[in-house]
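All values reported here derive from a predicted model rather than from experimental measurement. All values below were derived from every heavy atom in this structure, side-chain atoms included, with hydrogens, water molecules and symmetry-related copies excluded.
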Amino acid sequence: MTIFHDGYDIESFEAGRGLWHARIRRADRQPVVIDGCPFPLVEIGFAWFDEDAAITDARQHIDRCKHRWSVPDAARAAPATVASR
């Protein structure tokens, strides 16, 4: 199952019998940028007892972390500068 939440696609999948996980991907298919490193997706590493629990956890991760997962285009394009004294 894939659902949309606040600009991200959440894909739930069963990794083993009764072990549900979720993958988070930006809906625009741009990489998720974490500390300057681009990732095509983020996989939530918890094994939940059902699909709904995995999706709920992924939504909470998005709500908690989305401000750190993407850098505004202007900041990404601007070269880093060091202030001199």
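No continuous path of ILVMFWY side-chain contacts below 4.5 Å connects V33 to L41, so the two sit in separate hydrophobic clusters.
Put simply, CZ on F13 and NE2 on H21 are 5.5 Å apart, with the number rounded to the nearest 0.5 Å. To the nearest 0.5 angstrom, I62 atom CD1 is 4.0 Å from I10 atom CD1. Atoms OG and CG, from S12 and D50 in turn, are 9.5 Å apart once rounded to the nearest 0.5 Å. The CZ atom of R64 sits 7.0 Å away from the CG atom of D57 when rounded to the nearest 0.5 Å. Rounded to the nearest 0.5 angstrom, H5 NE2 and R59 CZ are separated by 6.5 Å.
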Next item on the list: Start with the C-alpha gap between I24 and H61, add the side-chain angles, then the distance that decides, and say whether side chain to side chain contact (heavy atoms under 4.5 Å, CB included) holds.
Entry: CA-CA 9 Å; I24 300 170; H61 271 72; 4.2 Å; yes
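A distance-only check finds no donor-acceptor pair linking the side chain of E51 to the backbone of I55 [under 3.5 Å].
The pair R26-D9 does not count as a salt bridge, with every side-chain nitrogen at least 4.0 angstrom from each carboxylate oxygen.
Seen from the ring of Y8, R25 does not count as a face-on cation partner, given the 6.0 Å and 45° thresholds.
In this structure, A54 and A22 approach most closely via the heavy-atom pair O-CB, 3.8 Å. Considering every non-hydrogen atom in both P38 and G36, the closest pair reads CD-O, 3.7 Å.
For the residue pair E11 and T2, no side-chain donor N or O sits within less than 3.5 Å of a side-chain acceptor on the partner.
Shown here is D35, whose CG atom has no more than 12 heavy atoms of other residues, nucleotides or ligands within 6.0 Å.
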